Amino acid sequence: MSTFDVLEHHGAWRLAAFLGCVAVFLLLHLARWPFRLIERALLAVQRGLDARITTALTPPAARPFHTTATA
């Protein structure tokens, strides 16, 4: 169905309403972009803090053993 078919069957107001809905969808999608960057930054900070707190509170005997020897 083409744009002209929609215009003929449903009228100009329905076509304008559909285009308005598409425009709102695109604007909301673009508005989410900065919040995703903020979300990723906060997640990175939270992971870093979790790692530091876990390392600080875990006794040395319970920590994983790391070796520098090569195989």
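Here the structure is a predicted model, which is why all the values come from computation and not from measurement.
Summarising the geometry, atom CD1 belonging to Ile53 is positioned 11.0 Å from atom OG1 belonging to Thr58; distances are rounded to the nearest 0.5 Å. Here the CG atom belonging to Leu37 is positioned 11.0 Å from the CG atom belonging to Leu42, to the nearest 0.5 angstrom. Atoms CZ and CZ, on Arg52 and Arg47 in that order, are 15.5 Å from each other to the nearest 0.5 Å.
Residue Phe25 is grouped with residue Phe18 when hydrophobic side chains (ILVMFWY) are merged at heavy-atom distances under 4.5 angstrom, including chains of intermediate members. Taking hydrophobic clusters as Ile, Leu, Val, Met, Phe, Trp and Tyr residues chained together by side-chain heavy-atom distances below 4.5 Å, Leu30 does not share a cluster with Val24.
Identified under the side-chain hydrogen bond (donor to acceptor under 3.5 Å, both in side chains) test for residues 4-19, with sequence neighbours left out: Ser2-Asp5.
Every residue meeting the side-chain contact (heavy atoms from CB on, under 4.5 Å) condition with Leu26, not counting sequence neighbours, appears here in chain and number order: Val22.
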